[in-house]
Asker: 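Got a structure for you, questions after.
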Amino acid sequence: MKTHSKNPVFVSLVSFIFLLYSFAQFCYAATDTLRQGKTLRNGDTLISENSVFELGFFSPENSTFTYLGIWYKFNPKAVVWVANRDTPISHRNGVLRIQDDGKLVVRDGNNSLVWSSNVTGSLNNAAAKLLDTGNFVLSGDDSTGDLNRALWQSFNEPTDTVLPKMRVPVSFKRGEYRAYRSWKTPDDPSPGNYSMGVDPNGGHQLVIWDNNKRRWRSGQWNQQFFTGDPSTRNNASPLLGFGISQPDENGTMYITYAASNLDLIRFQITWEGRLKHSRWNAGKKKWDYLHSDPHPANECDLYNFCGNYSTCDQFDSRKCVCLEGFRPKSQDQWDARNWSGGCVRKIELQCLSTDDGTSGRKGKPDGFNKTKCTKLPDLANFFSPAGDLDACRRHCLENCSCTAYAFIPGIQCMIWTGDLVDLQRFQHGGSLEFFYRLHHSELDHGRKISNLIIVIVSLVVVGCLVATLWLVWRYKLKLKVVSSKLCCKDDDVAVFDVSKNKSKEFTTDLLRPTDILIDGNQVNRPELQNFNFSCIATATKNFCEVNRLGQGGFGAVYKGELPGGEQIAVKRLSGQSGQGLVEFKTEIILIAKLQHRNLVRLLGCSIKGEEKLLIYEYMPNKSLDNLLFDEAKKAELDWRTRFSIIEGIARGLLYLHRDSRHRIIHRDLKASNILLDAEMNPKISDFGMARMFGRNQNEANTVRVVGTYGYMSPEYAMEGLFSVKSDVYSFGVLLLEIVSGQRNNSFRSFDHTSLLTYAWCLWSEDKISDLVDHCIRDSYSPNEVLKCIQIGMLCVQDSPAHRPKMDAVVVFLEREAATLPMPTKPTYTSLRTAVEEEYVVDGQEMECSNDVTVTTIVGR
Ligand SMILES: *[C@@H]1O[C@H](CO)[C@@H](O)[C@H](O)[C@H]1NC(C)=O
Ligand SMILES: *[C@@H]1O[C@H](CO)[C@@H](O)[C@H](O)[C@H]1NC(C)=O
Ligand SMILES: *[C@@H]1O[C@H](CO)[C@@H](O)[C@H](O)[C@H]1NC(C)=O
Ligand SMILES: *[C@@H]1O[C@H](CO)[C@@H](O)[C@H](O)[C@H]1NC(C)=O
Ligand SMILES: *[C@@H]1O[C@H](CO)[C@@H](O)[C@H](O)[C@H]1NC(C)=O
Ligand SMILES: *[C@@H]1O[C@H](CO)[C@@H](O)[C@H](O)[C@H]1NC(C)=O
Ligand SMILES: *[C@@H]1O[C@H](CO)[C@@H](O)[C@H](O)[C@H]1NC(C)=O
Ligand SMILES: *[C@@H]1O[C@H](CO)[C@@H](O)[C@H](O)[C@H]1NC(C)=O
Ligand SMILES: *[C@@H]1O[C@H](CO)[C@@H](O)[C@H](O)[C@H]1NC(C)=O
């Protein structure tokens, strides 16, 4: 009984002592402060009050050295600061303590000094505390009686990581302008090749150096954003939150970084010299990278990639382009895509600043050409007294060595006196412009005479050509008269007896040997073969159902065979209603003018009364949808074939958009409009809905929204806005269909309503290979498929401005996937604002490329 009554008391006493002990242990382990006289050994740590940061000795993976550092207390450790990066400790016996004089020191097992906080003066009652921000602050009472003064903090001596609330001093006077330096390798914190800081030449820009060479720069800070990074303005930039303060009286400036929310952010300059911005995802317990292409994001982001006086454009297949008035220094190297030589002036400056030539020489003063949507050149001088653009211009004109000027709000007058270096062209968003100096004869007024010469020469050349063509045509005509007796071809216009024809206007429209007016554009009547209607009727066995190939939007398509044995495809337009007339005319006029191996060829047309026929070359493999979406036949399309079909379509589309004489927007690109010839070469067909524009022409026409749901870009389907980028969208859908073998608009899987959302879902979960059609799983090349999907996702982005142009797509198809930009999520939700922003023209936010067509829709 006695033992029984004692036992509980004893047990509870023991547990109390144990609890007390573990509580003390806990308290010790969780402390965030190191006091004077105490030591922190290898294995002990300080933990910030919010349990986010931890300080102690650590060894990087694969390394035997130990370092004193601060890290995010997650698994795996994310090290944000290292004290003794130059002097690693080779055994696990380092200690950190606050000496009697108040200095923080790290010593190794031999008690030799490895690192110390470099402070002058001594402290009493010193303590070092790890704050919730990740800052390690040493403070104490100094000899002057100042109590609890902070003498040293780790935020002032960062390594490779920027943390929110950091404020890092840089001082040109002391030559300390590089604030951050990368690790050497992922497992070696010693100083690497890359450093980041503020440009010592002024301009308040961030610069990444590769050893002593500039590698990247942010562009000048205008108190709001970095001018070389237009995406800072739409909150999409990794540089958002960075700022540079004005120098104080001692010439010290601060690089500040403020994250906009309470997220756990880590911003590194990696050992490979890129800015990596990541956020802790507490749910998934991993770091999410916030910007898939960190600076420097691509070749154009690399410092002066294109050489002097040359602009770099990532989305231009030429990549580097000399400024107007400049030529490549060495044309051979330039043609070989070696840009390092840059460009030089075509005509040297005479440096005349006034009209009357006061300098004693005769001639006109130099002038300036404006360029916009580019990164402002590096190495600017700043000239504050100039109050406005005009004063800035005069200041530049007066000094012979001035090569360019700009007047930027928030920076004021900028003057360049050396070569113009590191120019980059932006797709959109840059409203900043600068003016560069040219010899007067390079400017427009000087060009008029040379233009006149060019015009005269081209007139003569064109005249000769026309004469030659006419002769050839006459000769061919003679041959045809003979052959037309054999086949249906009929050159005799008299067949179309205008007087007997009811649709007189229409016939004369088409057959009068003059120009035709379409939507106010005068276009040449195409060279087109007329076919005899009854002969075509015979060729198709009177449009027999057996010969029917398919049903197009505006009529059925039949197979036929001409008397000579030539196979043809005949489209018969539903005549009675008069419907399809517009499409008929459009098709004739457009397609007859186009010649490309990836566009279907129109052989001719035939008109009799209400009957209107279009005659094409025959495609033995019919249309792509016939094969692609047929479970039995899709295996015929192995990956090689699919890839070459993709390339072919891209080239055909590029021809329509860029290379053909008239810019043409197809507007109805889809699998059923891609025909395949005997060798499976794709040919784009059905131009009934296409629109033609002259170069640089912006139209505002009333049109019907026509097209096929599932392939229509959001801005076209919802707002009727179309541009070359709507075709790019359709191309992206088509591309994903070709890879997956699934139709976009009849796609149902799990919760996904369309192929696009499904593809995005797989993409964001890194399971994109699940999208690949099961019947090419043996034949496909993972790299190419991945690249195609990525291009597809780029093309179907919501904002037209984000979609690449076809020339970029063609370049992408030849590239490695890793070098492509990252797509954003296709959703229709943010659509309206996106579209509106895109098309707003208010002088400030001008779209750079002038190829966006705005069309307003009036419902019919
Ligand atoms: C450590 O070494 C292994 C094997 O060599 C390697 O796979 C891993 O990436 C290395 N870790 C780091 C951080 O370098
Ligand atoms: C102490 O120093 C000696 C010679 O400098 C070195 O060989 C030894 O490894 C060091 N010991 C420790 C524990 O750091
Ligand atoms: C400490 O600072 C002084 C001047 O501020 C400098 O000359 C010295 O090299 C620094 N020492 C270390 C170890 O950084
Ligand atoms: C750093 O520079 C050195 C010499 O220039 C070079 O050998 C080394 O490969 C570079 N390291 C990295 C990570 O670029
Ligand atoms: C500038 O330097 C002087 C002398 O070192 C110092 O007293 C003063 O506080 C400094 N000014 C600022 C704004 O840091
Ligand atoms: C590019 O041209 C420069 C001279 O401007 C030359 O030194 C360099 O070797 C060339 N690079 C290549 C890859 O040909
Ligand atoms: C022209 O500008 C250069 C560079 O800023 C300067 O050195 C030179 O004195 C200026 N010349 C005149 C005449 O203002
Ligand atoms: C480009 O300009 C810079 C700065 O003026 C100059 O140092 C460099 O020699 C120029 N490069 C070439 C290839 O002319
Ligand atoms: C300026 O350059 C652009 C091309 O960048 C050119 O189209 C324009 O005619 C030039 N303007 C003058 C005034 O030379």
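Order of appearance sets the numbers: ligands from 1, and atoms from 1 within every ligand.
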Asker: Under a 4.0 angstrom heavy-atom cut-off, which atoms of ligand 6 come close to Ser340?
Answerer: 1 (C), 2 (O), 3 (C), 5 (O)

Asker: Nearest protein heavy-atom contact for atom 5 (O) of ligand 6: which residue, which atom, what distance?
Answerer: Gln333 OE1, 3.1 Å

Asker: Considering both backbone and side-chain atoms of Asn193, is one of its nitrogen or oxygen atoms within less than 3.5 Å of a nitrogen or oxygen in ligand 4?
Answerer: yes

Asker: Give a yes/no on ligand 8: does Gly342 have at least one heavy atom closer than 4.0 angstrom to it?
Answerer: no

Asker: May I ask you to check if the distance between the SG atoms of Cys392 and Cys413 is under 2.5 Å?
Answerer: yes

Asker: Any idea which atoms of ligand 8 are less than 4.0 Å away from a heavy-atom of Lys329?
Answerer: 14 (O)

Asker: Give the atoms of ligand 8, by number and element, whose distance to some non-hydrogen atom of Val421 is under 4.0 Å.
Answerer: 2 (O)

Asker: Salt bridge (charged side-chain N to carboxylate O under 4.0 Å, His left out), that's the test. Do Arg318 and Asp313 meet it? Break it down for me.
Answerer: CA-CA 8 Å; Arg318 292 170 296 173; Asp313 185 348; over 6 Å; no

Asker: Would you mind checking which non-hydrogen protein atom is closest to atom 4 (C) of ligand 4, with the distance to 0.1 Å?
Answerer: Asn211 ND2, 4.5 Å

Asker: Is the closest N or O pair between Asn308 and ligand 8 shorter than 3.5 Å?
Answerer: yes

Asker: Going by the angle between their ring planes, with limits at 30° and 60°, are Phe435 and Tyr405 parallel, tilted or perpendicular?
Answerer: parallel

Asker: Assess the side chains of Ser340 and Asn338: does a donor N or O sit below 3.5 Å from an acceptor N or O?
Answerer: yes

Asker: When you measure from atom 2 (O) of ligand 6 to every protein heavy atom, which one gives the shortest distance, and what is it?
Answerer: Asn338 ND2, 2.4 Å

Asker: Does atom 14 (O) of ligand 8 have any protein heavy atom closer than 4.0 Å?
Answerer: yes

Asker: Output yes when a protein non-hydrogen atom is found under 4.0 Å of atom 9 (O) of ligand 4, and no otherwise.
Answerer: no

Asker: How close do Ser317 and Arg337 get, heavy atom to heavy atom, and via which atoms?
Answerer: O-NH2, 3.1 Å

Asker: For residues Asn135 and Thr133, is any side-chain donor paired with an opposing acceptor at under 3.5 Å?
Answerer: no

Asker: Check each atom of ligand 8 against the heavy atoms of Gly341 and keep those under 4.0 Å away; list them by number with element.
Answerer: 13 (C)

Asker: Does the side chain of Thr45 come under 3.5 Å of the side chain of Glu54 through a donor N or O and an acceptor N or O?
Answerer: yes

Asker: Classify the ring geometry of Trp81 against Phe136: parallel below 30°, tilted from 30° to 60°, perpendicular beyond 60°.
Answerer: tilted

Asker: Should you measure from each heavy atom of Tyr194, which atoms of ligand 4 turn up under 4.0 Å away?
Answerer: 14 (O)

Asker: For the residue pair Asp188 / Ser190, report whether a side-chain donor-acceptor contact shorter than 3.5 Å exists.
Answerer: yes

Asker: Does ligand 8 come near enough to Asp419 that some N or O of the ligand is less than 3.5 Å from an N or O of the residue?
Answerer: yes

